[in-house]
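Step one of this worksheet: look at the structure below.
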Protein chains: 2
Amino acid sequence: MEVKLPTFESVFSIDCVIFGFEAGELKILLIERNEEPFKDWLALPGYIVEQDESIDDAAERILYELTGLRDMHMQQFHTFGEVNRHPQGRVITVAYYALIRINGQKEVRPITQYARKAFWHPVNELPKLAFDHSEIFQTGFNKIRRRLNYQPIAFELLPEKFTLTQLQSLYEAVLSMKLDKRNFRKKMLSYGFLKELDEKQKGVSYRAAKLYKFDRRKYAKIFHNDLNLDK
Amino acid sequence: MEVKLPTFESVFSIDCVIFGFEAGELKILLIERNEEPFKDWLALPGYIVEQDESIDDAAERILYELTGLRDMHMQQFHTFGEVNRHPQGRVITVAYYALIRINGQKEVRPITQYARKAFWHPVNELPKLAFDHSEIFQTGFNKIRRRLNYQPIAFELLPEKFTLTQLQSLYEAVLSMKLDKRNFRKKMLSYGFLKELDEKQKGVSYRAAKLYKFDRRKYAKIFHNDLNLDK
DNA sequence: AAGATAGTGTGTGAAAATTACACCATTAAA
DNA sequence: TTTAATGGTGTAATTTTCACACACTATCTT
(Lines give C-alpha, C1' and ligand atoms only; values in the text may rest on other atoms or scores of the structure.)
Protein backbone atom coordinates (compact mmCIF):
# COMPACT_ATOMS: atom_id res chain seq x y z
CA MET A 1 0.00 0.00 0.00
CA GLU A 2 3.09 2.17 0.09
CA VAL A 3 2.88 4.69 -2.74
CA LYS A 4 6.13 6.36 -3.62
CA LEU A 5 6.15 10.14 -3.62
CA PRO A 6 6.97 11.77 -6.93
CA THR A 7 10.57 12.89 -6.94
CA PHE A 8 10.86 16.58 -7.51
CA GLU A 9 13.39 17.02 -4.79
CA SER A 10 15.00 20.20 -3.69
CA VAL A 11 17.55 21.28 -1.21
CA PHE A 12 16.03 22.93 1.72
CA SER A 13 17.75 25.38 4.03
CA ILE A 14 17.39 27.81 6.91
CA ASP A 15 18.75 31.33 7.28
CA CYS A 16 18.70 33.22 10.53
CA VAL A 17 18.39 36.93 11.25
CA ILE A 18 19.47 37.31 14.86
CA PHE A 19 18.84 40.71 16.35
CA GLY A 20 20.58 42.14 19.34
CA PHE A 21 20.72 45.53 21.00
CA GLU A 22 23.87 47.07 22.33
CA ALA A 23 25.08 50.59 22.99
CA GLY A 24 21.83 52.05 21.73
CA GLU A 25 22.18 50.30 18.40
CA LEU A 26 20.26 47.47 16.81
CA LYS A 27 22.61 44.81 15.47
CA ILE A 28 22.45 41.50 13.69
CA LEU A 29 24.68 38.51 13.72
CA LEU A 30 26.75 37.87 10.61
CA ILE A 31 29.22 35.19 9.73
CA GLU A 32 32.19 35.20 7.42
CA ARG A 33 31.82 32.27 5.06
CA ASN A 34 34.61 29.76 4.71
CA GLU A 35 33.13 27.76 1.82
CA GLU A 36 32.22 28.24 -1.79
CA PRO A 37 30.10 29.75 -3.10
CA PHE A 38 30.55 33.24 -1.72
CA LYS A 39 33.64 32.16 0.20
CA ASP A 40 34.90 35.04 2.36
CA TRP A 41 31.66 36.96 1.99
CA LEU A 42 29.57 38.06 4.90
CA ALA A 43 26.29 36.23 5.24
CA LEU A 44 23.45 35.41 7.56
CA PRO A 45 24.00 32.22 9.53
CA GLY A 46 22.29 29.49 7.53
CA TYR A 47 22.59 25.92 6.41
CA ILE A 48 20.79 22.88 5.12
CA VAL A 49 17.92 21.12 6.86
CA GLU A 50 18.39 17.41 7.44
CA GLN A 51 15.89 14.69 6.69
CA ASP A 52 14.94 13.82 10.20
CA GLU A 53 14.61 17.19 11.91
CA SER A 54 11.75 19.67 11.84
CA ILE A 55 12.54 23.08 10.42
CA ASP A 56 12.24 24.64 13.86
CA ASP A 57 14.79 22.19 15.21
CA ALA A 58 17.00 22.74 12.21
CA ALA A 59 16.97 26.48 12.81
CA GLU A 60 18.22 26.02 16.36
CA ARG A 61 20.85 23.52 15.36
CA ILE A 62 22.19 25.57 12.48
CA LEU A 63 22.37 28.73 14.52
CA TYR A 64 24.29 26.85 17.18
CA GLU A 65 26.77 25.38 14.75
CA LEU A 66 27.49 28.68 13.09
CA THR A 67 27.55 30.98 16.07
CA GLY A 68 27.63 28.94 19.26
CA LEU A 69 24.31 30.42 20.39
CA ARG A 70 21.94 27.94 22.00
CA ASP A 71 18.29 27.66 22.89
CA MET A 72 17.25 30.75 21.04
CA HIS A 73 13.57 31.24 20.67
CA MET A 74 13.36 31.45 16.91
CA GLN A 75 10.44 32.45 14.82
CA GLN A 76 9.93 31.70 11.18
CA PHE A 77 9.02 34.78 9.13
CA HIS A 78 9.23 34.08 5.40
CA THR A 79 10.23 31.46 2.87
CA PHE A 80 12.34 32.36 -0.12
CA GLY A 81 11.76 30.20 -3.14
CA GLU A 82 12.99 31.90 -6.28
CA VAL A 83 14.59 29.50 -8.72
CA ASN A 84 17.99 31.11 -8.93
CA ARG A 85 18.67 32.16 -5.40
CA HIS A 86 21.62 29.78 -5.12
CA PRO A 87 24.27 29.51 -7.84
CA GLN A 88 24.65 25.74 -7.43
CA GLY A 89 21.11 24.51 -7.65
CA ARG A 90 17.63 24.84 -6.41
CA VAL A 91 17.55 25.86 -2.79
CA ILE A 92 14.46 26.91 -0.90
CA THR A 93 15.04 28.70 2.37
CA VAL A 94 12.92 29.35 5.40
CA ALA A 95 14.08 32.46 7.20
CA TYR A 96 13.89 32.74 10.97
CA TYR A 97 14.51 35.57 13.33
CA ALA A 98 15.39 35.67 17.00
CA LEU A 99 15.94 38.48 19.43
CA ILE A 100 18.59 38.16 22.06
CA ARG A 101 20.40 40.00 24.82
CA ILE A 102 23.86 40.54 23.50
CA ASN A 103 25.39 41.16 26.88
CA GLY A 104 23.89 38.07 28.39
CA GLN A 105 25.78 35.96 25.85
CA LYS A 106 29.32 34.86 25.93
CA GLU A 107 31.38 35.48 22.83
CA VAL A 108 29.86 34.19 19.60
CA ARG A 109 32.02 31.71 17.77
CA PRO A 110 31.34 29.16 15.04
CA ILE A 111 31.52 25.46 15.89
CA THR A 112 31.80 24.15 12.33
CA GLN A 113 34.24 25.04 9.60
CA TYR A 114 31.61 26.55 7.31
CA ALA A 115 32.01 29.88 9.00
CA ARG A 116 35.33 31.48 9.84
CA LYS A 117 33.89 33.83 12.41
CA ALA A 118 30.66 35.25 13.72
CA PHE A 119 30.12 38.80 14.96
CA TRP A 120 27.57 41.52 15.63
CA HIS A 121 27.06 44.22 13.05
CA PRO A 122 24.83 47.32 13.30
CA VAL A 123 21.80 47.10 11.03
CA ASN A 124 22.55 50.53 9.69
CA GLU A 125 25.28 50.42 7.08
CA LEU A 126 25.17 46.71 6.50
CA PRO A 127 27.62 45.60 3.80
CA LYS A 128 26.51 43.56 0.82
CA LEU A 129 25.70 40.04 1.89
CA ALA A 130 26.03 36.69 0.12
CA PHE A 131 23.15 35.17 -1.88
CA ASP A 132 19.90 37.09 -1.39
CA HIS A 133 20.67 37.64 2.27
CA SER A 134 20.28 41.39 2.08
CA GLU A 135 16.70 40.91 1.00
CA ILE A 136 16.11 38.31 3.69
CA PHE A 137 17.45 40.67 6.31
CA GLN A 138 15.24 43.49 5.08
CA THR A 139 12.12 41.36 5.16
CA GLY A 140 12.92 40.22 8.69
CA PHE A 141 13.63 43.74 9.86
CA ASN A 142 10.29 44.93 8.53
CA LYS A 143 8.62 42.07 10.32
CA ILE A 144 9.99 42.82 13.75
CA ARG A 145 9.35 46.51 13.28
CA ARG A 146 5.71 45.66 12.80
CA ARG A 147 5.62 43.24 15.66
CA LEU A 148 7.21 45.64 18.09
CA ASN A 149 3.80 47.25 18.36
CA TYR A 150 1.81 44.24 19.30
CA GLN A 151 4.17 41.67 20.74
CA PRO A 152 6.48 41.98 23.73
CA ILE A 153 9.62 41.52 21.70
CA ALA A 154 11.44 44.54 23.06
CA PHE A 155 12.08 42.75 26.33
CA GLU A 156 13.89 39.91 24.66
CA LEU A 157 16.49 42.38 23.48
CA LEU A 158 17.07 44.12 26.79
CA PRO A 159 18.75 42.82 29.91
CA GLU A 160 16.33 41.44 32.46
CA LYS A 161 16.54 44.67 34.44
CA PHE A 162 16.39 47.79 32.37
CA THR A 163 15.64 51.48 32.60
CA LEU A 164 12.82 53.22 30.81
CA THR A 165 15.35 55.21 28.85
CA GLN A 166 16.92 52.01 27.56
CA LEU A 167 13.51 50.74 26.56
CA GLN A 168 12.76 53.95 24.76
CA SER A 169 16.04 54.00 22.93
CA LEU A 170 15.35 50.46 21.75
CA TYR A 171 12.00 51.53 20.35
CA GLU A 172 13.65 54.47 18.68
CA ALA A 173 16.32 52.28 17.14
CA VAL A 174 13.89 49.74 15.78
CA LEU A 175 11.35 52.23 14.50
CA SER A 176 13.99 54.76 13.41
CA MET A 177 12.14 57.64 14.94
CA LYS A 178 12.35 59.90 17.95
CA LEU A 179 9.71 59.43 20.61
CA ASP A 180 8.55 61.84 23.26
CA LYS A 181 9.96 60.87 26.63
CA ARG A 182 7.00 61.75 28.80
CA ASN A 183 4.43 60.19 26.51
CA PHE A 184 6.50 57.07 26.09
CA ARG A 185 6.87 56.52 29.81
CA LYS A 186 3.26 57.29 30.52
CA LYS A 187 2.11 54.80 27.95
CA MET A 188 4.49 52.01 28.87
CA LEU A 189 3.67 52.29 32.55
CA SER A 190 -0.04 52.47 31.85
CA TYR A 191 -0.01 48.96 30.41
CA GLY A 192 0.77 47.64 33.83
CA PHE A 193 3.19 44.91 32.83
CA LEU A 194 6.35 46.68 33.90
CA LYS A 195 7.42 45.99 37.44
CA GLU A 196 9.34 48.73 39.17
CA LEU A 197 12.23 47.31 41.16
CA ASP A 198 13.76 48.62 44.39
CA GLU A 199 16.98 48.91 42.58
CA LYS A 200 18.83 51.48 40.57
CA GLN A 201 21.24 51.53 37.74
CA LYS A 202 24.88 51.28 38.84
CA GLY A 203 28.17 52.55 37.60
CA VAL A 204 26.91 55.63 35.83
CA SER A 205 28.39 59.03 36.45
CA TYR A 206 25.06 60.78 36.67
CA ARG A 207 21.80 60.31 38.46
CA ALA A 208 21.02 56.60 38.43
CA ALA A 209 17.73 55.54 36.87
CA LYS A 210 15.22 53.13 38.37
CA LEU A 211 15.29 49.61 37.05
CA TYR A 212 12.22 47.78 35.75
CA LYS A 213 11.42 44.20 34.87
CA PHE A 214 9.00 42.88 32.29
CA ASP A 215 6.28 40.88 34.02
CA ARG A 216 5.40 38.21 31.49
CA ARG A 217 2.60 36.82 33.59
CA LYS A 218 0.83 40.15 33.84
CA TYR A 219 1.34 40.74 30.16
CA ALA A 220 -0.33 37.45 29.32
CA LYS A 221 -3.22 38.25 31.60
CA ILE A 222 -3.76 41.71 30.17
CA PHE A 223 -3.51 40.79 26.52
CA HIS A 224 -4.92 37.34 26.66
CA ASN A 225 -7.85 38.15 24.45
CA ASP A 226 -6.47 40.68 22.05
CA LEU A 227 -3.14 39.03 21.70
CA ASN A 228 -4.16 36.26 19.45
CA LEU A 229 -6.12 38.22 16.95
CA ASP A 230 -5.32 41.44 15.36
CA LYS A 231 -2.74 44.01 16.20
CA MET B 1 34.79 25.38 -9.91
CA GLU B 2 31.40 23.75 -9.63
CA VAL B 3 30.92 22.53 -6.07
CA LYS B 4 28.15 20.03 -5.58
CA LEU B 5 25.56 20.84 -2.95
CA PRO B 6 25.27 18.36 -0.10
CA THR B 7 22.33 16.08 -0.71
CA PHE B 8 19.82 16.33 2.07
CA GLU B 9 16.93 16.51 -0.30
CA SER B 10 13.30 16.84 0.57
CA VAL B 11 10.03 17.00 -1.23
CA PHE B 12 8.67 20.43 -1.29
CA SER B 13 5.02 21.33 -1.70
CA ILE B 14 2.43 24.09 -1.65
CA ASP B 15 -0.99 24.16 0.01
CA CYS B 16 -3.55 26.85 -0.66
CA VAL B 17 -6.21 28.35 1.57
CA ILE B 18 -8.54 30.18 -0.78
CA PHE B 19 -11.10 32.38 0.91
CA GLY B 20 -14.33 33.54 -0.61
CA PHE B 21 -17.40 35.33 0.68
CA GLU B 22 -20.89 34.38 -0.32
CA ALA B 23 -24.32 34.77 1.22
CA GLY B 24 -22.88 36.46 4.28
CA GLU B 25 -20.55 33.55 4.97
CA LEU B 26 -16.82 33.16 4.73
CA LYS B 27 -15.87 30.04 2.77
CA ILE B 28 -12.78 28.21 1.64
CA LEU B 29 -12.08 26.04 -1.31
CA LEU B 30 -11.66 22.32 -0.67
CA ILE B 31 -10.95 19.43 -2.96
CA GLU B 32 -11.85 15.78 -2.69
CA ARG B 33 -8.68 13.76 -3.12
CA ASN B 34 -8.49 11.07 -5.74
CA GLU B 35 -5.07 9.69 -4.77
CA GLU B 36 -3.44 7.92 -1.89
CA PRO B 37 -2.68 8.80 0.77
CA PHE B 38 -5.92 10.21 2.17
CA LYS B 39 -7.79 9.14 -0.95
CA ASP B 40 -11.40 10.38 -0.78
CA TRP B 41 -10.61 12.78 2.01
CA LEU B 42 -11.25 16.48 1.83
CA ALA B 43 -8.14 18.59 1.64
CA LEU B 44 -6.77 21.97 0.79
CA PRO B 45 -5.65 22.28 -2.82
CA GLY B 46 -1.96 21.48 -2.80
CA TYR B 47 0.79 19.74 -4.68
CA ILE B 48 4.48 19.44 -5.27
CA VAL B 49 6.76 22.25 -6.40
CA GLU B 50 8.81 21.52 -9.51
CA GLN B 51 12.51 22.16 -9.94
CA ASP B 52 12.30 25.05 -12.31
CA GLU B 53 9.51 27.18 -10.88
CA SER B 54 9.55 29.65 -8.03
CA ILE B 55 7.26 28.86 -5.13
CA ASP B 56 5.01 31.78 -6.05
CA ASP B 57 4.63 30.41 -9.56
CA ALA B 58 4.09 26.92 -8.22
CA ALA B 59 1.29 28.17 -6.00
CA GLU B 60 -0.54 29.64 -8.99
CA ARG B 61 -0.03 26.57 -11.13
CA ILE B 62 -1.11 24.13 -8.47
CA LEU B 63 -4.22 26.08 -7.63
CA TYR B 64 -5.11 26.18 -11.29
CA GLU B 65 -4.63 22.47 -11.79
CA LEU B 66 -6.71 21.53 -8.80
CA THR B 67 -9.49 24.05 -9.07
CA GLY B 68 -9.39 25.74 -12.46
CA LEU B 69 -8.86 29.14 -10.81
CA ARG B 70 -6.34 31.35 -12.55
CA ASP B 71 -4.30 34.45 -11.86
CA MET B 72 -5.09 34.56 -8.20
CA HIS B 73 -3.04 36.97 -6.19
CA MET B 74 -1.59 34.56 -3.68
CA GLN B 75 0.30 35.35 -0.57
CA GLN B 76 2.55 33.05 1.36
CA PHE B 77 1.77 32.92 5.09
CA HIS B 78 3.59 30.06 6.79
CA THR B 79 5.82 27.07 6.15
CA PHE B 80 5.08 23.73 7.76
CA GLY B 81 8.11 21.59 8.35
CA GLU B 82 7.41 18.94 10.97
CA VAL B 83 9.08 15.65 10.16
CA ASN B 84 5.98 13.48 10.08
CA ARG B 85 3.44 15.66 8.35
CA HIS B 86 3.22 13.30 5.39
CA PRO B 87 2.88 9.54 5.85
CA GLN B 88 5.10 8.74 2.86
CA GLY B 89 8.16 10.76 3.54
CA ARG B 90 9.55 14.12 4.38
CA VAL B 91 7.48 16.89 2.88
CA ILE B 92 7.89 20.55 3.67
CA THR B 93 5.00 22.79 2.66
CA VAL B 94 4.65 26.48 2.10
CA ALA B 95 1.08 27.58 2.69
CA TYR B 96 -0.47 30.37 0.64
CA TYR B 97 -3.74 32.19 0.89
CA ALA B 98 -5.78 34.11 -1.62
CA LEU B 99 -9.01 36.04 -1.37
CA ILE B 100 -11.43 35.97 -4.25
CA ARG B 101 -14.89 37.01 -5.33
CA ILE B 102 -16.83 33.80 -5.51
CA ASN B 103 -19.51 35.20 -7.77
CA GLY B 104 -17.06 36.62 -10.21
CA GLN B 105 -15.74 33.12 -10.87
CA LYS B 106 -17.12 30.45 -13.06
CA GLU B 107 -17.58 27.00 -11.57
CA VAL B 108 -14.50 25.57 -9.89
CA ARG B 109 -13.39 22.26 -11.34
CA PRO B 110 -10.14 20.31 -11.17
CA ILE B 111 -8.01 19.97 -14.29
CA THR B 112 -5.88 17.05 -13.14
CA GLN B 113 -6.90 13.66 -11.82
CA TYR B 114 -5.46 14.25 -8.36
CA ALA B 115 -8.68 15.84 -7.25
CA ARG B 116 -12.12 14.46 -7.96
CA LYS B 117 -13.90 17.73 -7.36
CA ALA B 118 -13.43 21.20 -5.90
CA PHE B 119 -16.05 23.19 -4.02
CA TRP B 120 -16.64 25.99 -1.55
CA HIS B 121 -17.20 25.16 2.08
CA PRO B 122 -18.10 27.53 4.95
CA VAL B 123 -15.23 28.02 7.37
CA ASN B 124 -17.53 27.31 10.25
CA GLU B 125 -18.11 23.60 10.68
CA LEU B 126 -15.22 22.47 8.53
CA PRO B 127 -14.87 18.69 8.45
CA LYS B 128 -11.63 16.94 9.30
CA LEU B 129 -9.11 17.50 6.55
CA ALA B 130 -6.31 15.35 5.18
CA PHE B 131 -2.73 15.63 6.50
CA ASP B 132 -2.29 18.63 8.81
CA HIS B 133 -4.55 20.73 6.65
CA SER B 134 -6.86 21.67 9.50
CA GLU B 135 -3.93 23.29 11.23
CA ILE B 136 -2.84 25.00 8.04
CA PHE B 137 -6.31 26.39 7.54
CA GLN B 138 -6.45 27.67 11.09
CA THR B 139 -3.11 29.41 10.79
CA GLY B 140 -4.20 31.06 7.56
CA PHE B 141 -7.51 32.12 9.00
CA ASN B 142 -5.80 33.77 11.96
CA LYS B 143 -3.50 35.54 9.55
CA ILE B 144 -6.19 37.13 7.43
CA ARG B 145 -8.17 38.01 10.53
CA ARG B 146 -5.17 39.97 11.64
CA ARG B 147 -4.55 41.53 8.29
CA LEU B 148 -8.14 42.64 7.86
CA ASN B 149 -7.28 45.53 10.15
CA TYR B 150 -4.36 46.91 8.27
CA GLN B 151 -4.61 45.74 4.70
CA PRO B 152 -7.39 46.28 2.21
CA ILE B 153 -8.18 42.61 1.88
CA ALA B 154 -11.91 42.94 2.42
CA PHE B 155 -12.33 44.40 -1.05
CA GLU B 156 -10.82 41.38 -2.73
CA LEU B 157 -13.65 39.29 -1.35
CA LEU B 158 -16.50 41.58 -2.34
CA PRO B 159 -17.84 42.31 -5.78
CA GLU B 160 -16.44 45.45 -7.33
CA LYS B 161 -19.54 47.39 -6.36
CA PHE B 162 -20.80 46.71 -2.90
CA THR B 163 -22.96 48.19 -0.18
CA LEU B 164 -21.73 49.24 3.24
CA THR B 165 -23.88 46.57 4.78
CA GLN B 166 -22.14 43.91 2.73
CA LEU B 167 -18.79 45.28 3.79
CA GLN B 168 -19.84 45.23 7.41
CA SER B 169 -21.16 41.70 7.23
CA LEU B 170 -17.85 40.60 5.77
CA TYR B 171 -16.00 42.16 8.68
CA GLU B 172 -18.38 40.49 11.06
CA ALA B 173 -17.91 37.11 9.40
CA VAL B 174 -14.13 37.30 9.45
CA LEU B 175 -13.82 38.69 12.95
CA SER B 176 -16.75 36.66 14.32
CA MET B 177 -18.20 39.61 16.13
CA LYS B 178 -21.05 42.04 15.78
CA LEU B 179 -20.14 45.60 14.92
CA ASP B 180 -22.13 48.76 15.44
CA LYS B 181 -23.61 49.95 12.18
CA ARG B 182 -23.24 53.67 12.68
CA ASN B 183 -19.73 53.51 13.99
CA PHE B 184 -18.68 51.12 11.27
CA ARG B 185 -19.99 53.33 8.47
CA LYS B 186 -18.57 56.47 10.00
CA LYS B 187 -15.14 54.92 10.31
CA MET B 188 -15.04 53.35 6.86
CA LEU B 189 -16.17 56.52 5.17
CA SER B 190 -13.75 58.62 7.19
CA TYR B 191 -10.80 56.83 5.62
CA GLY B 192 -11.71 58.41 2.32
CA PHE B 193 -10.92 55.46 0.08
CA LEU B 194 -14.50 54.43 -0.58
CA LYS B 195 -16.05 56.02 -3.62
CA GLU B 196 -19.78 56.48 -3.53
CA LEU B 197 -21.35 55.59 -6.87
CA ASP B 198 -24.46 57.08 -8.51
CA GLU B 199 -25.92 53.66 -8.47
CA LYS B 200 -28.05 51.54 -6.21
CA GLN B 201 -28.48 47.93 -5.43
CA LYS B 202 -30.95 46.17 -7.68
CA GLY B 203 -33.37 43.30 -7.34
CA VAL B 204 -34.01 43.64 -3.64
CA SER B 205 -37.51 43.79 -2.23
CA TYR B 206 -36.78 46.63 0.10
CA ARG B 207 -35.15 50.01 -0.03
CA ALA B 208 -32.08 49.69 -2.24
CA ALA B 209 -28.72 50.62 -0.72
CA LYS B 210 -26.11 52.85 -2.30
CA LEU B 211 -23.21 51.12 -3.99
CA TYR B 212 -19.57 51.92 -3.28
CA LYS B 213 -16.28 51.10 -4.90
CA PHE B 214 -12.85 50.69 -3.32
CA ASP B 215 -10.49 53.33 -4.66
CA ARG B 216 -7.13 51.60 -4.64
CA ARG B 217 -5.28 54.68 -5.75
CA LYS B 218 -6.58 56.78 -2.89
CA TYR B 219 -5.86 53.98 -0.49
CA ALA B 220 -2.25 53.84 -1.61
CA LYS B 221 -1.91 57.58 -1.25
CA ILE B 222 -3.38 57.65 2.23
CA PHE B 223 -1.48 54.71 3.64
CA HIS B 224 1.67 55.15 1.67
CA ASN B 225 3.93 55.19 4.68
CA ASP B 226 2.49 52.47 6.84
CA LEU B 227 1.69 50.21 3.95
CA ASN B 228 5.16 49.28 2.95
CA LEU B 229 6.28 47.91 6.24
CA ASP B 230 6.04 44.24 5.42
CA LYS B 231 3.16 41.86 5.03
C1' DA C 1 -54.50 51.76 -1.36
C1' DA C 2 -53.27 50.43 3.17
C1' DG C 3 -50.45 47.94 5.89
C1' DA C 4 -46.62 44.65 6.63
C1' DT C 5 -41.89 43.60 5.90
C1' DA C 6 -37.10 44.28 5.66
C1' DG C 7 -33.27 46.71 5.42
C1' DT C 8 -31.23 51.81 4.76
C1' DG C 9 -29.27 55.77 6.67
C1' DT C 10 -28.32 59.08 10.06
C1' DG C 11 -26.08 62.30 15.06
C1' DT C 12 -24.69 63.23 19.60
C1' DG C 13 -22.46 63.11 23.92
C1' DA C 14 -19.26 60.74 27.13
C1' DA C 15 -15.00 58.52 27.78
C1' DA C 16 -10.54 57.25 26.48
C1' DA C 17 -6.34 57.75 24.01
C1' DT C 18 -3.02 60.56 21.79
C1' DT C 19 -0.25 64.48 21.16
C1' DA C 20 2.51 68.58 22.08
C1' DC C 21 5.27 70.71 25.13
C1' DA C 22 9.69 72.49 29.25
C1' DC C 23 11.87 72.47 33.47
C1' DC C 24 13.77 71.10 37.96
C1' DA C 25 16.23 67.03 40.34
C1' DT C 26 20.00 64.04 41.16
C1' DT C 27 24.54 62.08 40.82
C1' DA C 28 29.45 61.80 39.97
C1' DA C 29 33.38 63.92 38.27
C1' DA C 30 36.24 67.83 37.69
C1' DT D 1 31.15 74.34 44.06
C1' DT D 2 30.44 73.95 39.57
C1' DT D 3 29.65 71.33 35.50
C1' DA D 4 28.05 67.62 32.70
C1' DA D 5 24.82 64.24 31.88
C1' DT D 6 20.69 62.13 32.33
C1' DG D 7 16.33 61.17 35.32
C1' DG D 8 11.86 62.21 36.15
C1' DT D 9 7.49 64.61 36.06
C1' DG D 10 1.95 67.23 34.48
C1' DT D 11 -1.43 69.53 31.92
C1' DA D 12 -4.36 71.04 28.32
C1' DA D 13 -6.00 70.50 23.53
C1' DT D 14 -7.24 67.30 20.12
C1' DT D 15 -8.62 63.10 18.21
C1' DT D 16 -10.56 58.69 18.42
C1' DT D 17 -13.57 55.40 20.19
C1' DC D 18 -17.73 53.85 21.92
C1' DA D 19 -22.59 53.43 23.18
C1' DC D 20 -26.95 54.13 21.70
C1' DA D 21 -32.45 54.51 18.70
C1' DC D 22 -35.47 55.89 15.31
C1' DA D 23 -37.45 57.62 11.03
C1' DC D 24 -37.18 56.58 5.97
C1' DT D 25 -37.98 53.97 1.70
C1' DA D 26 -38.95 50.34 -1.56
C1' DT D 27 -41.40 46.32 -2.39
C1' DC D 28 -44.78 42.85 -1.46
C1' DT D 29 -49.26 41.34 0.27
C1' DT D 30 -54.01 41.55 0.67
Side-chain angles (χ1 to χ4, degrees), chain A residues 21-25 146 148-150 154 158-159 161-173 175-213 219 222-223 225-227 229-231, chain B residues 21-25 148-150 154 158-159 161-173 175-213 222-223 225-226:
Chain A
F21 185 66
E22 193 179 43
E25 268 190 320
R146 224 343 172 346
L148 187 64
N149 286 312
Y150 57 87
L158 291 175
K161 300 170 185 182
F162 52 86
T163 69
L164 290 179
T165 301
Q166 287 172 324
L167 183 60
Q168 180 175 346
S169 94
L170 169 53
Y171 270 77
E172 292 178 338
L175 301 175
S176 335
M177 67 191 295
K178 273 303 255 180
L179 301 172
D180 178 83
K181 182 159 64 158
R182 277 170 294 186
N183 292 339
F184 180 83
R185 294 160 100 93
K186 205 189 321 172
K187 182 132 186 243
M188 277 298 158
L189 293 173
S190 78
Y191 288 132
F193 54 60
L194 292 184
K195 186 172 173 183
E196 184 179 330
L197 303 175
D198 286 334
E199 220 177 322
K200 297 200 166 180
Q201 220 177 2
K202 274 177 187 152
V204 290
S205 74
Y206 46 80
R207 176 180 179 180
K210 282 182 202 156
L211 290 171
Y212 290 81
K213 241 172 121 166
Y219 180 89
I222 296 167
F223 291 102
N225 299 317
D226 304 13
L227 229 196
L229 294 186
D230 130 331
K231 303 234 176 138
Chain B
F21 186 65
E22 194 179 39
E25 270 191 320
L148 187 64
N149 286 312
Y150 57 88
L158 291 174
K161 300 170 184 182
F162 53 85
T163 69
L164 291 179
T165 302
Q166 287 172 324
L167 184 60
Q168 182 176 343
S169 94
L170 169 54
Y171 270 77
E172 291 178 338
L175 301 175
S176 333
M177 67 191 296
K178 273 303 254 178
L179 300 173
D180 177 83
K181 183 158 64 156
R182 278 170 295 186
N183 291 337
F184 180 82
R185 294 160 99 94
K186 207 187 321 169
K187 183 134 186 241
M188 277 298 157
L189 293 174
S190 78
Y191 288 134
F193 53 60
L194 292 184
K195 186 172 173 183
E196 184 180 329
L197 303 176
D198 285 334
E199 220 177 323
K200 298 200 165 180
Q201 219 177 3
K202 274 177 188 155
V204 290
S205 72
Y206 46 80
R207 176 179 181 180
K210 280 183 203 156
L211 290 172
Y212 290 81
K213 242 172 120 167
I222 296 167
F223 292 101
N225 297 320
D226 305 11

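When reading the values below, keep in mind they use all heavy atoms of this one structure, side chains included, and skip hydrogens, waters and symmetry mates. Per chain, numbering begins at 1; letters A, B, ... match sequence-line order.
In terms of modelled atom types and a separation under 3.5 Å, the side chain of B/Glu196 and the main chain of B/Lys210 share no donor-acceptor contact. The closest donor-acceptor contact from the side chain of A/Gln168 to the backbone of A/Arg185 lies at 3.5 Å or more, if one exists at all.
Applying the 4.0 Å criterion to OP1 and OP2 of C/dG7, one finds that B/Thr165 has every side-chain N and O outside that range.
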How does protein reach along nucleotides 15-23 of chain C, written 5' to 3' as B (base within reach of a heavy atom under 4.0 Å), S (only sugar-phosphate), or - (no contact)?
---SBBBB-
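At a threshold of 4.5 Å between non-hydrogen side-chain atoms, the residues B/Leu211 and B/Lys213 do not count as touching. Looking at heavy atoms from C-beta onward, A/Leu148 lies out of side-chain contact with A/Leu170 at the 4.5 angstrom threshold. For the pair B/Met188/B/Tyr171, a side-chain contact is recorded, criterion being any heavy-atom separation below 4.5 Å from C-beta on. In this structure, A/Phe162 and A/Leu194 have side chains that are in contact, with non-hydrogen atoms separated by less than 4.5 Å. By the 4.5 Å heavy-atom criterion applied to side chains, A/Arg146 and B/Tyr150 are counted as neighbours.
One can place CG of B/Asn149 at 14 Å from C1' of D/dT17, the figure rounded to the nearest angstrom. One atom, CE of B/Met188, and another, C1' of D/dT16, lie 15 Å apart when rounded to the nearest Å. Taking atom CG of B/Leu189 as the reference point, atom C1' of C/dT8 lies 13 Å away to the nearest angstrom. At whole-Å resolution of the value, CG in A/Leu211 and C1' in D/dG8 are 15 Å apart. Atom-to-atom, CG of A/Leu164 to C1' of D/dG7 comes out at 10 Å; the value is rounded to the nearest Å. The CG atom of B/Leu179 sits 15 Å away from the C1' atom of D/dC20 (whole-angstrom rounding). The distance from atom CZ of B/Phe184 to atom P of D/dT16 is 18 Å, rounded to the nearest whole Å. Rounded to whole angstrom, the span from the NZ atom of B/Lys178 across to the C1' atom of D/dA19 amounts to 15 Å.
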If you restrict it to nitrogen or oxygen atoms, what contacts under 3.5 Å exist between nucleotides 23-30 of chain D and the protein, and what is each distance?
unit_1 : atom_1 : unit_2   : atom_2 : d
D/dC24 : O2     : B/Arg207 : NH1    : 3.0

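Using a 4.0 Å heavy-atom criterion, one finds that A/Ser190 contacts no nucleic acid atom at all.
The two atoms that bring A/Ala208 and A/Gln201 nearest to each other are CB-O, 3.3 Å, heavy atoms only.
Here B/Gln166 pairs with nothing under the side chain to side chain donor-acceptor pair (under 3.5 Å) rule; sequence neighbours left out.
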